[in-house]
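So the structure is just underneath, and the comments pick up after that.
By convention in this document, chain letters (A, B, ...) are assigned in the order of the sequence lines, proteins followed by strands, and residues within each chain are numbered from 1. Keep in mind that the numbers below use all heavy atoms, side chains included, and drop hydrogens, waters and symmetry copies. The model shown is predicted, which means the values in this text are computed figures rather than measured ones.
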There are 2 protein chains.
Amino acid sequence: MYTIGKLSKSTGVTVRTLDYYDEIGLIKPSSKTSGGHRLYSEDDVMRLERVLALKYMGFSLEQIRDILENSTANWQESIQHQLELVKREQERLKMLEQALLGVSYSIEFEGEINWPIIFSMIKLYQQDPGDALKPYEEYLNEDEMKRIMDMNAAQMSEEDIKEWLKVVGDIRNNLHLDPNSDKAEQLVISWADQADKMFGQDEELLVNMWEALQNLQEGIAFYPMNKDVIDFIKRVAIAKEGETHGS
Amino acid sequence: MYTIGKLSKSTGVTVRTLDYYDEIGLIKPSSKTSGGHRLYSEDDVMRLERVLALKYMGFSLEQIRDILENSTANWQESIQHQLELVKREQERLKMLEQALLGVSYSIEFEGEINWPIIFSMIKLYQQDPGDALKPYEEYLNEDEMKRIMDMNAAQMSEEDIKEWLKVVGDIRNNLHLDPNSDKAEQLVISWADQADKMFGQDEELLVNMWEALQNLQEGIAFYPMNKDVIDFIKRVAIAKEGETHGS
DNA sequence: TATAAAACAACACGTTACGTGAGGTTCAAG
DNA sequence: CTTGAACCTCACGTAACGTGTTGTTTTATA
């Protein structure tokens with residue numbers, strides 16, 4: 001027979017918790033002293049251990065009571081249900097992590113909070129990615145939008161994202177460069193490589209997104225590119241074309 | 001200017017929620033009618049959108065208030081902190097999923113709830129795997145225990161687990177077989193293959209766990225094997241050895 | 001313009017799983 | 001028998017609202 005204090009020490013749960021479990025009828029001590037102090041039997045301890053195990057598995061105290069009362073009836077059902085909840089929560093956390101990373105990148109990159117991009121990102125990771133891509137609907141067909149969504153869902157590696165941010169950032173910091181210079185060409189080549197890695201498998205998608213970007217100035221799909229970057233790339237491309245034709 | 005009902009409809013948050021945000025000073029309407037009805041300006045709407053975005057990212061309302069007051073001071077810090085929380089929660093859910101799967105398997109397998117195994121499993125996925133492996137400490141050294149923990153942490157694929165359960169289950173259902181029969185030999189070969197896949201890279205570990213199992217009758221490391229299964233395997237092995245020697 | 005219907009404000013209690021006291025009672029050691 | 005530790009019961013607080021209730025304001029209609 002354990003007093004409540006002994007039981008508390010041996011199991012690590014607080015006295016208040018045992019108090020509460022008694023109060024809600026989850027674990028009632030099987031006997032009491034004449035003075036009213038609670039005495040827990042070995043069976044009670046066993047029940048407590050089971051409660052703690054089920055609690056660890058994420059069940060609410062009410063569910064636990066049901067599970068322990070209804071004996072072994074539909075354990076599997078409860079567990080499968082709980083598993084689904086856990087999986088859904090994992091999905092949610094994955095998206096949350098992506099959104100947080102995205103916001104972190106965007107702040108690091110712009111030095112300030114770009115709320116429209118944050119909203120787009122969150123919408124993209126929420127249930128309604130259609131909303132986030134609405135600005136593009138003039139330029140992309142449904143299939144292409146789906147591909148963009150999948151691409152984001154597939155969780156591009158942190159390396160890829162950082163590489164992309166670096167490439168575009170390099171351009172942003174060098175917009176003044178002479179389009180004919182080697183450095184400018186290098187930057188655009190790096191950019192093209194990376195763009196190819198990310199969108200390369202579909203030439204038409206790339207072209208359409210390019211179209212979209214020229215008119216939208218900025219957007220989530222090509223983030224953090226903006227009009228300035230696009231203009232720079234175009235200038236360099238034209239310069240190079242001229243050079244080729246000239247030679 | 002939006003009335004509270006209009007704002008509620010256009011953003012999807014309930015009136016009660018807006019009521020609450022007003023109450024705690026998170027979003028106070030910038031004006032009111034003479035009769036006291038709340039009127040929300042465009043700025044208020046913007047603030048609400050930001051609040052919702054931050055809420056989606058997992059911040060508490062108090063944190064949100066701080067973040068929005070302190071302007072862009074330490075956004076990165078908040079976000080990194082939040083990211084860490086998210087990652088920790090993901091870890092927790094991964095373990096929870098493993099524990100639930102383990103319990104599910106064990107019920108499916110035994111047709112009843114094997115509490116000791118459940119406790120072992122939970123301890124293994126909790127902070128104190130040492131406790132769960134304590135029964136083995138006579139037979140395994142610290143290094144080997146660590147390897148077992150790592151193996152579990154590495155999250156054996158569901159396929160592997162199911163295969164293992166099937167193999168051991170097959171044996172459990174055929175304990176009566178003649179050790180000299182082909183069927184018996186087949187079963188043990190399948191078992192040995194699977195055991196090799198799971199523990200194969202370390203011969204000594206396998207031997208020691210085998211030792212442990214012979215004395216412990218059952219345990220989490222080799223679950224769901226028990227004494228009967230071990231005896232069967234030994235019988236078949238001896239029979240085969242005899243056969244080999246006899247030929 | 002009067003009136004009914006809809007919207008709104010303000011208040012209050014409920015939710016989960018306890019934490020944190022306060023004030024009085026019982027137990028165990030000396 | 002005393003005293004200090006352990007214990008019991010009560011009660012309020014937590015986060016972010018949901019769900020009413022009552023009384024008031026606004027809006028639409030006759």
Side-chain angles (χ1 to χ4, degrees), chain A residues 1-41 44 47-68 82 85 89 92 96, chain B residues 1-41 44-45 47-68 78 82 85 89 92 96:
Chain A
M1 285 294 180
Y2 294 82
T3 65
I4 200 170
K6 297 292 181 189
L7 182 57
S8 165
K9 254 170 209 154
S10 77
T11 60
V13 309
T14 66
V15 170
R16 174 59 177 121
T17 296
L18 293 170
D19 199 12
Y20 181 63
Y21 290 170
D22 184 9
E23 187 183 327
I24 65 171
L26 184 58
I27 298 174
K28 288 203 167 299
S30 41
S31 55
K32 291 194 173 186
T33 67
S34 54
H37 285 196
R38 286 170 276 215
L39 293 174
Y40 292 88
S41 70
D44 296 334
R47 188 173 168 94
L48 173 59
E49 278 168 354
R50 295 178 177 189
V51 166
L52 296 180
L54 290 167
K55 199 151 78 79
Y56 176 79
M57 294 194 276
F59 292 102
S60 73
L61 296 187
E62 192 170 350
Q63 288 174 310
I64 291 175
R65 196 166 35 193
D66 288 356
I67 290 173
L68 289 182
Q82 191 67 16
L85 286 187
E89 183 68 5
R92 204 182 67 85
L96 217 164
Chain B
M1 285 295 181
Y2 294 82
T3 66
I4 199 169
K6 297 292 180 188
L7 182 58
S8 165
K9 254 169 209 153
S10 76
T11 59
V13 309
T14 67
V15 171
R16 174 62 177 116
T17 296
L18 293 170
D19 201 10
Y20 181 64
Y21 290 171
D22 185 8
E23 188 183 328
I24 64 171
L26 185 57
I27 298 175
K28 288 203 165 301
S30 41
S31 57
K32 292 194 172 188
T33 68
S34 55
H37 284 195
R38 286 169 279 211
L39 293 174
Y40 292 88
S41 69
D44 295 334
V45 176
R47 188 174 168 94
L48 174 59
E49 278 168 353
R50 295 178 178 190
V51 166
L52 296 179
L54 290 167
K55 199 151 79 80
Y56 175 79
M57 295 194 276
F59 292 100
S60 74
L61 296 186
E62 193 170 348
Q63 288 175 309
I64 292 175
R65 196 167 33 193
D66 288 356
I67 291 174
L68 289 182
S78 303
Q82 192 67 17
L85 286 187
E89 182 68 6
R92 204 183 68 86
L96 217 164

>> Distance check, rounded to the nearest 0.5 Å: Leu7(B) atom CG versus Ile27(B) atom CD1?
In response: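 Separation between the atoms: 8.0 Å.
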
Look at the side-chain N and O atoms of [X] and state whether any lies under 4.0 Å from the OP1 or OP2 oxygen of [N].
X	N	answer
Arg38(A)	dC7(D)	no
Tyr21(B)	dA16(D)	no
Thr14(B)	dG18(D)	yes
Lys55(A)	dC18(C)	yes

Using atom [atom1] of [X] as one end and atom [atom2] of [N] as the other, report the distance to the nearest whole Å.
X	N	atom1	atom2	value
Ile27(B)	dA16(D)	CD1	P	13 Å
Tyr56(A)	dA17(C)	OH	C1'	19 Å
Tyr2(A)	dC7(D)	OH	P	14 Å
Tyr20(A)	dG13(D)	OH	C1'	14 Å
Asp22(A)	dC10(D)	CG	C1'	14 Å
Asp19(A)	dG19(C)	CG	P	11 Å
Leu26(A)	dA17(C)	CG	P	10 Å
Glu23(A)	dT9(D)	CD	C1'	10 Å

> Can you find a pair of side-chain heavy atoms, one from Val13(A) and one from Tyr21(A), that are under 4.5 Å apart?
Replying inline: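 Counting from C-beta outward, Val13(A) and Tyr21(A) never come under 4.5 Å.
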
>> Between Arg16(A) and Leu39(A), which residue's closest nucleotide on DNA chain D lies nearer the 5′ terminus?
In response: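 Closer to the 5' end of DNA chain D: Leu39(A).
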
>> Please determine whether side-chain contact (heavy atoms from CB on, under 4.5 Å) holds for the pair Tyr40(B) and Leu18(B), giving the CA-CA distance in whole Å, both sets of side-chain angles, and the decisive distance to 0.1 Å.
In response: CA-CA 10 Å; Tyr40(B) 292 88; Leu18(B) 293 170; 4.2 Å; yes

> Thinking salt bridges, do Glu62(A) and Arg65(A) make one under a 4.0 Å N-O criterion?
Replying inline: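 A salt bridge is absent here (no side-chain N lies under 4.0 Å from a carboxylate O).
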
> With sequence neighbours left out, which residue pairs that include part of residues 11-20 of chain A fulfil the salt bridge (Lys or Arg N to Asp or Glu O under 4.0 Å) condition?
Replying inline: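 As it turns out, the salt bridge (Lys or Arg N to Asp or Glu O under 4.0 Å) pairs with a partner in residues 11-20 of chain A, which skip direct neighbours, are Arg16(A)-Asp19(A), Arg16(A)-Glu23(A), Asp19(A)-Arg38(A).
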
> Among dT9(D), dG18(D), dA16(D), which nucleotide sits nearest the side chain of Ser60(B)?
Replying inline: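 Side chain of Ser60(B) sits closest to dA16(D).
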
> Of all the nucleotides listed (dC17(D), dC8(D), dT16(C)), which has the minimum atom distance to the side chain of Glu62(A)?
Replying inline: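 In terms of side-chain proximity for Glu62(A), the closest of dC17(D), dC8(D), dT16(C) is dT16(C).
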
> Base, sugar-phosphate, or nothing: which does Ile4(A) touch, judged by heavy atoms less than 4.0 Å apart?
Replying inline: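 Since only primed, P, OP1 and OP2 atoms lie under 4.0 Å of Ile4(A), the category is sugar-phosphate.
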
Grab the N/O contacts between the protein and nucleotides 26-30 of chain C below 3.5 Å, and write none if there aren't any.
{"residue": "dC27(C)", "atom": "OP1", "partner": "Thr33(A)", "partner atom": "OG1", "Å": "3.0"}
{"residue": "dC27(C)", "atom": "OP1", "partner": "Gly35(A)", "partner atom": "N", "Å": "3.1"}

> Taking atom NZ of Lys28(A) as the centre, does the number of heavy atoms from other residues, nucleotides or ligands within less than 6.0 Å exceed 12?
Replying inline: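 Counting neighbours around NZ of Lys28(A), more than 12 heavy atoms of other residues, nucleotides or ligands fall under 6.0 Å, so yes.
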
Determine all donor-acceptor pairs shorter than 3.5 Å in which one atom belongs to a side chain in residues 49-60 of chain B; sequence neighbours excluded.
{"residue": "Tyr56(B)", "atom": "OH", "partner": "Tyr125(A)", "partner atom": "O", "Å": "3.3"}
{"residue": "Ser60(B)", "atom": "OG", "partner": "Gln63(B)", "partner atom": "N", "Å": "3.2"}
{"residue": "Ser60(B)", "atom": "OG", "partner": "Gln63(B)", "partner atom": "OE1", "Å": "3.4"}

